[in-house]
Peer 1: 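Got a structure for you, written out below as structure tokens; questions coming shortly.
Heavy-atom basis, side chains included; hydrogens, waters and symmetry copies ignored. Remember, predicted model here, so these are calculated numbers, not experimental data. Letters A, B, ... mirror the listed sequences (proteins, then strands); counts begin at 1.
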There are 2 protein chains.
Amino acid sequence: MQISSRFTIAIHIFACINTFEKEYKITSDFLASSVNANPVIIRKLLQQLKAAGLVTVQRGSGGASIAKPLEEITFFDIYNAVECIDKGKLFHFHENSNKNCPVGRNIHHILDDKLERIQKAMEEEMKKITIADVIRDTRKYISEDIK
Amino acid sequence: MQISSRFTIAIHIFACINTFEKEYKITSDFLASSVNANPVIIRKLLQQLKAAGLVTVQRGSGGASIAKPLEEITFFDIYNAVECIDKGKLFHFHENSNKNCPVGRNIHHILDDKLERIQKAMEEEMKKITIADVIRDTRKYISEDIK
DNA sequence: TAACGTTGTAATCAAAAGAGTTACAACAAT
DNA sequence: ATTGTTGTAACTCTTTTGATTACAACGTTA
């Protein structure tokens with residue numbers, strides 16, 4: 001299985017807010033239209049991003065905005081905020097191995113450190129990429145697009 | 001979402017074969033009992049591992065064995081063999097973004113290289129861990145277990 | 001202060017994917 | 001031939017994701 005599209009949608013949201021906030025009010029309907037998803041899905045994501053301190057959302061009047069400098073928001077922050085993997089574990093473990101078998105009884109201990117190493121390698125790379133990088137490329141592609 | 005348990009089960013299979021092949025014939029039923037999964041699931045996995053040249057399976061008489069030196073079988077080999085992520089992509093992309101929106105139209109281009117970087121970091125770490133490492137720790141834990 | 005547009009959130013539904021299960025033909029060894 | 005096993009298809013069950021409906025809470029402004 002793959003990491004949930006909640007992650008790429010969340011990044012999409014940041015790109016949209018930054019690109020359009022001068023011109024439009026950024027509502028969940030507006031974002032849902034760009035992403036092509038249901039507005040309720042967007043609102044849930046915005047709630048999670050808000051809980052992580054990455055965006056602000058105006059209740060009543062409406063509108064979302066980015067809460068921190070772009071270069072301070074890493075992919076890792078977003079990945080944690082939107083809980084795109086289950087219980088923080090990248091690998092799904094077969095939990096019910098046979099405890100009467102010497103291998104079944106120990107397989108979790110045997111693998112845990114190795115799986116963590118791999119997950120950590122991924123997460124460290126995520127920390128190196130920020131929304132500032134996304135915005136830079138968004139502008140680049142949009143300007144090429146228009147030509 | 002998480003990476004399918006097919007991956008950890010496959011590693012479990014290698015640990016079992018190596019630990020018990022001197023004593024027992026390693027049938028899909030034997031492995032299924034240690035993993036606590038259905039024998040058909042195990043057979044499908046064995047087929048995939050066989051297709052990747054990592055194990056051999058005897059039809060008719062029965063029994064599986066490891067086809068290569070332990071230190072030449074990396075986690076990356078297994079991960080590829082058992083197709084534990086969808087279409088080789090770690091991240092699920094929201095594919096139907098709005099092509100009339102400048103961001104929706106370009107978001108895939110904008111993100112692809114960054115997602116690949118992250119996936120690659122994970123896969124490179126997977127290449128550094130082998131079944132030899134697993135077997136070493138299996139023996140260690142089992143011997144501690146017995147004391 | 002009433003009307004309007006929006007957010008926050010619960011509840012329910014539909015679709016997709018993983019894993020389990022049943023069934024049985026193909027095969028090897030005795 | 002019989003036995004035990006693999007290879008594989010077909011189907012079901014379960015879990016998870018995302019879609020949808022519904023509506024109260026809230027701000028703004030006319």
Side-chain angles (χ1 to χ4, degrees), chain A residues 1-10 12-13 17 21 24-33 35-51 55-65 67 82-98, chain B residues 1-10 12-13 17 21 24-33 35-51 55-65 67 82-98:
Chain A
M1 275 295 278
Q2 300 173 302
I3 290 175
S4 166
S5 62
R6 311 169 61 69
F7 180 65
T8 56
I9 294 175
H12 187 143
I13 287 175
I17 296 177
E21 64 187 347
Y24 304 99
K25 179 167 72 170
I26 311 297
T27 65
S28 61
D29 264 48
F30 180 92
L31 292 167
S33 161
V35 170
N36 200 24
N38 193 284
V40 176
I41 303 293
I42 304 293
R43 284 183 223 147
K44 278 189 194 163
L45 276 172
L46 284 173
Q47 283 309 303
Q48 295 185 292
L49 296 171
K50 178 181 154 192
V55 304
T56 58
V57 189
Q58 268 60 53
R59 183 167 200 172
S61 55
S65 59
V82 304
E83 293 170 340
C84 47
I85 61 172
D86 198 43
K87 300 183 190 96
K89 297 285 182 189
L90 180 60
F91 295 96
H92 184 203
F93 214 101
H94 57 292
E95 295 291 349
N96 295 45
S97 56
N98 186 346
Chain B
M1 276 294 280
Q2 299 173 301
I3 292 175
S4 166
S5 62
R6 309 168 63 70
F7 180 65
T8 56
I9 294 175
H12 187 143
I13 286 174
I17 296 177
E21 65 188 345
Y24 304 99
K25 180 166 71 169
I26 310 297
T27 66
S28 60
D29 265 47
F30 180 92
L31 291 168
S33 160
V35 170
N36 200 24
N38 193 285
V40 177
I41 303 291
I42 302 294
R43 283 183 225 148
K44 278 189 193 162
L45 277 172
L46 284 172
Q47 283 309 305
Q48 294 185 294
L49 295 171
K50 177 181 155 192
V55 304
T56 59
V57 188
Q58 268 61 53
R59 182 167 200 174
S61 55
S65 59
V82 303
E83 294 170 341
C84 47
I85 63 172
D86 198 43
K87 299 179 190 98
K89 296 286 181 188
L90 180 60
F91 295 95
H92 183 202
F93 213 102
H94 57 291
E95 295 290 350
N96 295 45
S97 56
N98 185 345

Peer 1: Please confirm whether the shortest side-chain N or O distance from A/Gln47 to OP1 or OP2 of C/dT9 is below 4.0 Å.
Peer 2: yes
Peer 1: Provide the closest heavy-atom pair for B/Phe93 versus A/Ser5 in the form atom of the first, atom of the second, distance.
Peer 2: C-CB, 4.3 Å
Peer 1: Could you pull out the closest heavy-atom pair between A/Arg6 and A/Val82, with the gap in Å?
Peer 2: NE-O, 3.0 Å
Peer 1: Please give, in whole Å, the distance from C/dA17 P to B/Gln2 CD?
Peer 2: 17 Å
Peer 1: Reading 5' to 3' and counting Watson-Crick or G-U wobble pairs with both distances under 3.5 Å, write the dot-bracket notation for DNA chain D, | for bases paired outside the strand.
Peer 2: ||||||||||||||||||||||||||||||
Peer 1: Restricting to ring-ring contact (aromatic ring centres under 6.0 Å, His included), what partner residues turn up for A/Phe30, sequence neighbours left out?
Peer 2: A/Phe20, A/Tyr24
Peer 1: Which heavy atom of B/Lys25 sits nearest to which heavy atom of B/Gly63, and what is that distance?
Peer 2: CG-CA, 4.0 Å
Peer 1: Quick check for you: to the nearest 0.5 Å, what is the distance between A/Lys44 atom NZ and A/Ile9 atom CD1?
Peer 2: 12.0 Å
Peer 1: To the nearest angstrom, how far is B/Lys44 atom NZ from C/dT21 atom P?
Peer 2: 12 Å
Peer 1: Need two values: the first and the last nucleotide of DNA chain D, 5' to 3', having an atom under 4.0 Å from any heavy-atom of chain B.
Peer 2: D/dG4 to D/dT17
Peer 1: Decide yes or no for A/Leu31 and A/Leu46: does some side-chain heavy atom of the first lie under 4.5 Å from some side-chain heavy atom of the second?
Peer 2: yes
Peer 1: For A/Gly60, answer base if it contacts any base atom (sugar-phosphate contacts may also be present), sugar-phosphate if it contacts only those atoms, and nothing otherwise; contact means non-hydrogen atoms under 4.0 Å.
Peer 2: base
Peer 1: Rounded to whole angstroms, how far apart are CG on A/Asn38 and C1' on C/dC13?
Peer 2: 12 Å
Peer 1: Between atom CD1 in A/Ile41 and atom P in C/dA11, what is the gap in whole Å?
Peer 2: 16 Å
Peer 1: Take the protein atom CD of B/Glu83 and the nucleotide atom P of C/dA17, then report the distance between them rounded to whole Å.
Peer 2: 14 Å
Peer 1: When the nearest nucleotide of DNA chain C is assigned to A/Leu46 and to B/Pro39 on a heavy-atom basis, which residue is associated with the more 5' position?
Peer 2: A/Leu46
Peer 1: Would you check if B/Ile3 and B/Leu90 make a side-chain contact, meaning some heavy-atom pair closer than 4.5 Å?
Peer 2: yes
Peer 1: Can you tell me the distance, in whole Å, between the NE2 atom of B/His92 and the P atom of C/dA17?
Peer 2: 8 Å
Peer 1: Please determine whether side chain to side chain contact (heavy atoms under 4.5 Å, CB included) holds for the pair B/Ile42 and B/Asp29, giving the CA-CA distance in whole Å, both sets of side-chain angles, and the decisive distance to 0.1 Å.
Peer 2: CA-CA 8 Å; B/Ile42 302 294; B/Asp29 265 47; over 6 Å; no
Peer 1: Determine the minimum heavy-atom distance between B/Ile17 and B/Ala64, stating which atoms define it.
Peer 2: CG2-O, 3.9 Å
Peer 1: Does B/Ser4 have a side-chain nitrogen or oxygen under 4.0 Å from the phosphate oxygens OP1 or OP2 of C/dG18?
Peer 2: no
Peer 1: Would you mind reading off the distance between A/Ile26 atom CD1 and C/dT7 atom P, rounded to a whole angstrom?
Peer 2: 11 Å
Peer 1: What is the distance, rounded to the nearest whole Å, between atom CZ of A/Arg43 and atom C1' of C/dA10?
Peer 2: 13 Å
Peer 1: On DNA chain D, check which nucleotide each of B/Val40 and B/Gly62 is closest to and give me the residue with the more 5' one.
Peer 2: B/Gly62
